[in-house]
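Here the structure comes first, spelled out in structure tokens, and everything after it is commentary.
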Amino acid sequence: MSDRISNVSERYSTDSVSGAGSDIDNKEVRDSGKVNENSALKGEVHKVSHGSKARSFFYHPATIVLGTLLTGSLYAIGLGIHALVHKLNAPSAIESMDPNSNEMPKIRNSKDLMAFLMKKADYPKVSHGQVVDCGNSTNDAGQECKLKDFKGLVFRADNRYPKVIKNQFGGFTSKNDLSQESNLKEAQGIQKDIGYGATGQSGASCSKNITECMPYCYYNPENDIEDRRNYGYIYIIDTTKLDSNEHAYDLDEICKENNFKNDQNKVIKTGSEVNITKAPWKAVVGWIETWKNVYANDDPEDIKHTLKFNLSRNKEYSMKVTFNSAYKA
């Protein structure tokens with residue numbers, strides 16, 4: 001009897017405890033869906049929800065497109081900078097040009113100009129351009145003369161500042177009025193009374209040979225005397241950029257074509273002179289600023305060697321080369 005009572009009590013006791021435990025467990029399960037305001041779990045839920053928003057922003061199609069475009073733009077900018085650096089460091093194409101060629105070089109920047117001048121220092125007698133017919137003219141002796149133009153690069157010695165030539169004159173002009181027939185014929189170098197090949201102050205005298213004009217870079221055409229300042233300029237001019245009604249008369253070729261001779265019965269030589277009627281500033285390729293003490297004498301060979309030596313020291317006290325940004329090759 002006592003055994004049965006014991007078994008019933010034990011079973012009842014176990015069921016009660018078991019039932020109570022079930023209620024407690026169920027309550028905990030129900031309450032697990034609710035997050036206490038101060039619970040650490042809420043913080044974790046907050047982080048998860050915001051992380052999902054962040055991930056959704058980065059994976060949004062618009063964000064992906066924008067990122068792709070930005071990456072592509074940065075890549076393109078990088079390629080552009082690389083190409084620019086390569087271009088700046090690359091040697092000028094003029095350096096590989098045949099020094100004995102009469103080819104007209106394309107001078108687009110300071111590097112090209114320097115390369116051209118260094119070649120001219122080695123080969124000053126090589127002209128760069130071509131001679132073309134430009135009509136006929138009758139001189140003071142009644143002779144019908146053939147005229148020749150030079151289309152290419154020439155050099156002019158002048159001690160006037162570049163800004164003066166640009167702003168006051170708009171380029172290189174004739175001191176004498178070329179609308180007067182006698183002055184025009186003088187500019188063409190065909191007048192017998194003043195001497196064939198002589199141009200005086202009619203036109204702007206230049207040379208195809210840089211060493212021929214360099215001794216005159218201290219000459220001031222405004223007062224017709226050698227200026228006493230210690231520096232001067234050699235301007236490089238592209239005669240293909242002259243206005244259509246202007247000329248660059250090749251005096252050596254004109255004397256040769258018309259058989260103009262001197263007292264020794266030899267064809268007159270003018271030092272490779274090219275006489276320009278008017279050269280606008282846009283035709284000026286650039287200039288060399290040079291100091292008077294650069295030259296020991298006027299001998300072309302000495303000048304040639306002195307020129308190359310001093311050009312190699314560009315931006316120092318002796319010579320400085322400047323490219324004209326208004327010039328377009």
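The first residue of the sequence shown is numbered 1, and numbering continues consecutively from there.
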Tell me the closest heavy-atom pair linking [X] and [Y], and the distance in Å.
X      : Y      : value
Pro105 : Leu153 : CG-CD1, 3.7 Å
Gln191 : Ser182 : NE2-O, 4.1 Å
Cys206 : Arg156 : SG-CB, 3.7 Å
Val274 : Lys208 : CG2-CG, 3.7 Å
Cys255 : Gly197 : SG-CA, 4.0 Å
Leu251 : Ala187 : CD2-O, 4.1 Å

For the atom pair [atom1] ([X]) and [atom2] ([Y]), what is the distance rounded to the nearest 0.5 Å?
X      : Y      : atom1 : atom2 : result
Lys125 : Asn100 : NZ    : CG    : 12.5 Å
Ser101 : Lys119 : OG    : NZ    : 10.0 Å
Ile210 : Phe116 : CD1   : CZ    : 7.5 Å
Trp281 : Lys241 : CH2   : NZ    : 16.0 Å
Lys278 : Phe169 : NZ    : CZ    : 12.0 Å

Quick one: does any side-chain atom of [X] pair with a main-chain N or O of [Y] as donor and acceptor, under 3.5 Å?
X      : Y      : result
Asp149 : Ala248 : yes
Ser137 : Leu147 : no
Lys320 : Trp287 : no
Thr239 : Phe150 : yes
Asn102 : Ser127 : yes
Asp252 : Lys269 : no
Asp243 : Asn245 : no
His128 : Met104 : no

Give me each pair satisfying salt bridge (Lys or Arg N to Asp or Glu O under 4.0 Å) with a member in residues 179-205, each pair once, sequence neighbours excluded.
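Pairs touching residues 179-205 that pass the test: Glu181-Lys185.
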Sorted by first residue and then second, give each salt bridge (Lys or Arg N to Asp or Glu O under 4.0 Å) pair with at least one member in residues 128-137; sequence neighbours left out.
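Matches after skipping sequence neighbours: Asp133-Lys148.
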Go through it in stages, so that I can follow the logic: the residues are Cys213 and Ile234, the test is side chain to side chain contact (heavy atoms under 4.5 Å, CB included), and I'd like the CA-CA distance, side-chain angles, deciding distance and then a yes or no.
CA-CA 8 Å; Cys213 73; Ile234 302 152; 4.1 Å; yes
Could you work out, with salt bridge (charged side-chain N to carboxylate O under 4.0 Å, His left out) as the rule, every residue matching Lys146, not counting sequence neighbours?
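Lys146: salt bridge (charged side-chain N to carboxylate O under 4.0 Å, His left out) contacts with Glu257.
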Could you pull out all residues at least two apart from [X] that satisfy side chain to side chain donor-acceptor pair (under 3.5 Å)?
X      : answer
Asn176 : Ser202
Thr138 : Glu144
Ser272 : none
Asn275 : none

Asn209, Asp250, Thr199 screened by side-chain contact (heavy atoms from CB on, under 4.5 Å) with Glu273, the one that passes:
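Answer after filtering Asn209, Asp250, Thr199: Thr199.
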Among Asp112, Ile94, Ile107, Ile288, whose side-chain contact (heavy atoms from CB on, under 4.5 Å) with Leu117 holds?
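That would be Ile288.
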Residues that Thr277 engages under side-chain contact (heavy atoms from CB on, under 4.5 Å), provided they are two or more places apart
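Here the qualifying residues are Leu178, Glu246, His247, Tyr249.
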Contacts of type side-chain contact (heavy atoms from CB on, under 4.5 Å), residue Ala329, not counting sequence neighbours:
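side-chain contact (heavy atoms from CB on, under 4.5 Å) check on Ala329 returns Lys106, Arg108, Tyr327.
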With [X] via ring pair (Phe, Tyr, Trp, His ring centres under 6.0 Å) - residues at least two apart:
X      : answer
Phe323 : none
Phe172 : Tyr235
Tyr196 : Phe260

May I have the step-by-step check of side chain to side chain contact (heavy atoms under 4.5 Å, CB included) for Val132 and Gln130, ending in yes or no?
CA-CA 6 Å; Val132 299; Gln130 60 179 335; 4.3 Å; yes
Take Thr270 and Ile254 through the test side chain to side chain contact (heavy atoms under 4.5 Å, CB included) and record every step on the way to the result.
CA-CA 10 Å; Thr270 66; Ile254 289 174; over 6 Å; no
Which is it for Val284 and Ile165 under the side chain to side chain contact (heavy atoms under 4.5 Å, CB included) test, yes or no, and what are the steps along the way?
CA-CA 10 Å; Val284 177; Ile165 294 172; 5.8 Å; no
Does the side chain of Gln188 reach to within under 4.5 Å of the side chain of Cys145, using non-hydrogen atoms?
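They are not in side-chain contact.
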